[in-house]
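Here's the structure, in structure tokens; my notes come after.
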Amino acid sequence: MLKIATFAVRGFLLLFGAVVLGISITVAKHQTIGSPPSETSFGSFCGAFGILISLVGLAALFIDKIPPVATMAADGLATTFYLSGGIALTLALKAVPSCTNKDDYNVGQRYLNKILNGGCQDVQGKPYCPNGFDDDQLSSLCQRVQADYVFEYLAFIFGVAIIGMTFFLNRRGGGRSAAFV
């Protein structure tokens, strides 16, 4: 029973990794001036690394040659990356109080946010962000970034769960097939 639950949680981790990777790449493609912010690039890395570790973990459920300690260590690393990425995006978006509020303060904060505005240049001492003039687009991108860090936090929670499940599955001997001679 625990093996089935472990398989399901690994499937969710694979899904969360794909969602994080997809959203992060979508946000990074919005960048037109300079390179994407490091928070966005790290989110892409977290998603890709999470997919890879999820696939290794799924394979470890069926292949006895993969040691459980290795999968738990890899899961721990992926879980730490998800938490770090979620915190980084949360802090980068902290200055934006609302993604949907249309008052001048919120619109201005979305315009100046480095994750949302697509890059800015200084023109006569003032920031000019060519992608920042369409507030509906900034609002939509802001909501995507919020979804990105929510999925990173969910992957962190499921990552902690999979580490515990892997530990208990292998402690009881349910994860490996035994050959009796």
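What's counted below: heavy atoms across the whole structure, side chains too, no hydrogens, waters or symmetry copies.
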Contacts of type side chain to side chain contact (heavy atoms under 4.5 Å, CB included), residue A59, not counting sequence neighbours: I63, I66
Reported CZ-to-OG distance for the pair R144 and S139, which is rounded to 0.5 angstrom: 10.0 Å
Heavy atoms of other groups near Y82 OH, more than 12 under 6.0 Å: yes
Shared hydrophobic cluster for V56 and L13 (ILVMFWY, side-chain gaps under 4.5 Å): no
Under 3.5 Å: donor-acceptor pair, side chain of N106, backbone of T100: no
Within-4.5 Å side-chain heavy-atom neighbours: F151 and L154: yes
Heavy atoms of other groups near F42 CZ, more than 12 under 6.0 Å: yes
CG-CD1 distance between L14 and I53, expressed to the nearest 0.5 angstrom: 12.0 Å
From I162 atom CD1 to F12 atom CZ, the distance as rounded to the nearest 0.5 Å: 11.5 Å
Side-chain touch N101/Q109, heavy atoms, less than 4.5 angstrom: no
Which atom of M165 lies closest to which atom of T6, heavy atoms considered: CE-N, 3.3 Å
Heavy-atom donor-acceptor pair, T79 side chain to F156 backbone, under 3.5 Å: no
Residue K102 excluded, over 12 heavy atoms near NZ under 6.0 Å: yes
Connected via hydrophobic side-chain network under 4.5 Å: M72 and F7: yes
Path from F49 to L15 over hydrophobic side-chain contacts below 4.5 Å: no
Side-chain heavy atoms of P37 within contact of Q31, under 4.5 Å: yes
Straight-line distance of Q143 CD to S98 OG, nearest 0.5 Å: 8.5 Å
Backbone of D136 reached by a side-chain donor or acceptor of S140 within 3.5 Å: no
F45 vs L21 side-chain heavy atoms within contact, under 4.5 Å: no
Inter-residue atom distance R110.CZ - L141.CG, 0.5 Å rounding: 11.0 Å
The single option from T40, L89, T26, I115 passing side-chain contact (heavy atoms from CB on, under 4.5 Å) against D148: L89
Sequence-distant partners of D103, salt bridge (Lys or Arg N to Asp or Glu O under 4.0 Å), two or more places apart: none
Shared hydrophobic cluster, V27 / I33 (ILVMFWY, side-chain heavy atoms < 4.5 Å): no
C46 SG to E152 CD distance, which is reported to the nearest 0.5 Å: 5.0 Å
Worked check of side chain to side chain contact (heavy atoms under 4.5 Å, CB included) between R10 and T166: CA-CA 10 Å; R10 288 239 179 251; T166 303; 3.6 Å; yes
Cluster overlap I87 with V160, hydrophobic side-chain contacts below 4.5 Å: yes
A60 versus T71, closest heavy-atom pair with distance: CB-CG2, 3.4 Å
Sidechain-backbone polar pair: N117 side chain, Y111 backbone, donor-acceptor under 3.5 Å: yes
Nearest heavy-atom neighbours spanning G43 and S24: C-OG, 3.3 Å
